[in-house]
Amino acid sequence: MRGESDARYMDLFIKLNDSIENAEYSSINALAKTLTEKQASDNLRDNRKLGLIIVAGLFFLALLTGFFYKRNQDKLHEKYQTIIRNLESEKTDSNKSHIRNPTDKTLIITDHTAHILLEKLNKFEQSKKFLQKDVTRVYLANLLHTNTKYLSEIIRLHTGKNFNNYINGLRIQYIVEKLNEDPKYREYKISYLAEESGFASREIFAITFKREMEVSPSYFISICSMAKRRRNHRLIKIISVQFLKRKLKLNK
């Protein structure tokens with residue numbers, strides 16, 4: 001009897017121990033599940049916060065980029081308007097002319113000789129020979145049947161420029177007129193425009209263009225195209241008038 005009782009108690013003990021272990025295991029699993037779910041929820045919340053931060057950052061970056069782009073465009077537009085105002089002022093104010101007073105002469109050139117040389121310079125400009133890359137002061141002096149000193153002095157007195165700036169100014173005038181009158185020129189690369197107008201390199205062309213026009217070739221092309229699209233020829237004519245004005249002075 002005692003053996004049966006011990007066996008029964010042992011069986012109950014085993015069952016109780018198994019129940020306790022099962023309860024502990026279930027409790028541990030439940031806790032682990034709860035922790036896992038909480039961690040997943042926290043990760044989801046953190047990912048959402050990160051996503052919102054990224055979206056907000058991108059939005060702010062887009063606003064900042066738009067602000068700087070608009071400010072840059074406003075500066076370019078203001079620069080263009082300044083150029084237009086200066087050109088209009090130059091057109092109406094003869095005091096801004098670059099022609100030197102004859103009393104500034106460093107060489108004695110008679111009016112008759114000066115008149116003949118100016119006529120020859122005008123024919124030279126009409127011939128477009130200034131587009132040749134090998135145009136030098138000696139070449140032009142020989143072409144006009146004069147000497148280099150007389151040539152330089154006539155150019156200085158009637159344009160306010162030295163020989164190189166005079167020739168390069170004519171080349172820029174030529175390409176500006178082409179850009180204004182012929183739409184296909186506005187599609188060409190800067191290197192082609194430089195070649196077409198007689199410059200030895202794209203870099204020299206760009207520097208000279210900006211010095212003469214106060215804007216880069218690319219920007220001039222863009223505003224020229226815009227003006228043409230809007231059928232506003234007046235702005236382009238105002239820009240070109242400074243060159244035409246100087247050209248007409250040579251005919252006086």
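None of these values were measured; they are calculated from a predicted model.
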Open item on the list: Can you confirm whether E196 sits close enough to Y185 that some side-chain heavy atom of one is under 4.5 Å from a side-chain heavy atom of the other?
Closed with: yes
- [ ] Quick one: pull up CG in L193 and OG in S218 and give me the separation to the nearest 0.5 Å.
- [x] 9.0 Å
Task: Path from F209 to I204 over hydrophobic side-chain contacts below 4.5 Å - done: yes
Open item on the list: Would you compute the distance between atom CG of L140 and atom NZ of K129 and round it to the nearest 0.5 angstrom?
Closed with: 10.0 Å
- [ ] Is it possible for you to say whether L157 and I116 belong to one hydrophobic cluster, with membership spreading through side-chain heavy-atom contacts below 4.5 Å?
- [x] no
Open item on the list: Regarding E153 and R156, does a basic nitrogen lie under 4.0 Å from an acidic carboxylate oxygen?
Closed with: yes
- [ ] Would you indicate whether the side-chain heavy atoms of I154 and T113 approach each other to under 4.5 Å?
- [x] no
TODO: Supply the atom-to-atom distance I190 CD1 to S216 OG, rounded to the nearest 0.5 angstrom.
DONE: 7.5 Å
Open item on the list: Side chains of N165 and T208, heavy atoms from C-beta outward: is any pair under 4.5 Å?
Closed with: no
Task: Pairwise side-chain contact, V176 with M213, heavy-atom cut-off 4.5 Å (strictly under) - done: yes
- [ ] Please name all residues satisfying side-chain contact (heavy atoms from CB on, under 4.5 Å) with N142, sequence neighbours left out, ordered by chain then number.
- [x] V138
Open item on the list: Using 0.5 Å steps for rounding, measure from the OH atom of Y188 to the NZ atom of K178.
Closed with: 9.5 Å
Task: Closest contact, heavy atoms only, A194 versus S201 - done: CB-O, 3.9 Å
Open item on the list: Angle between ring planes, Y166 versus F163, binned at 30° and 60°: parallel, tilted or perpendicular?
Closed with: tilted
Open item on the list: Taking ring pair (Phe, Tyr, Trp, His ring centres under 6.0 Å) as the definition, give me every residue that meets it alongside Y139, ordered by chain and number, with sequence neighbours left out.
Closed with: none
Task: Minimum side-chain heavy-atom gap L117-T146 below 4.5 Å - done: yes
Task: Residue pair K161 / I155: nearest heavy atoms and the distance that separates them - done: O-CG2, 3.5 Å
- [ ] Tell me, yes or no, whether the heavy-atom count around K120 atom NZ, taken from other residues, nucleotides or ligands under 6.0 Å, exceeds 12.
- [x] yes
Task: Set of residues satisfying salt bridge (Lys or Arg N to Asp or Glu O under 4.0 Å) with respect to K133, sequence neighbours excluded - done: E195
Task: Euclidean distance, L143 CG relative to K123 NZ, rounded to 0.5 Å - done: 11.0 Å
Open item on the list: In terms of relative ring orientation, are Y174 and F130 parallel, tilted or perpendicular, with 30° and 60° separating the classes?
Closed with: perpendicular
Task: Residue pair H115 / E119, side-chain heavy-atom distance below 4.5 Å - done: yes
Task: Side chains of L151 and L121 in contact at under 4.5 Å (non-hydrogen atoms) - done: yes
Open item on the list: With a 3.5 Å distance limit and no angle check, can you tell me whether S127 reaches the backbone of F124 through a side-chain donor-acceptor pair?
Closed with: yes
Open item on the list: In the structure I gave you, are the side-chain heavy atoms of Y150 and L144 within less than 4.5 Å of one another anywhere?
Closed with: no
- [ ] Compare every heavy atom of P217 with every heavy atom of A206, then report the nearest pair and how far apart it is.
- [x] CA-CG, 4.1 Å
Open item on the list: Using modelled atom types and a 3.5 Å cut-off, is there a donor and acceptor pairing between side-chain atoms of R171 and backbone atoms of Q132?
Closed with: yes
Open item on the list: With clusters defined by side-chain heavy atoms of hydrophobic residues (ILVMFWY) lying less than 4.5 Å apart, directly or transitively, does L179 cluster with Y192?
Closed with: yes
- [ ] State the CG-CD1 distance between L131 and I175, to the nearest 0.5 angstrom.
- [x] 8.5 Å
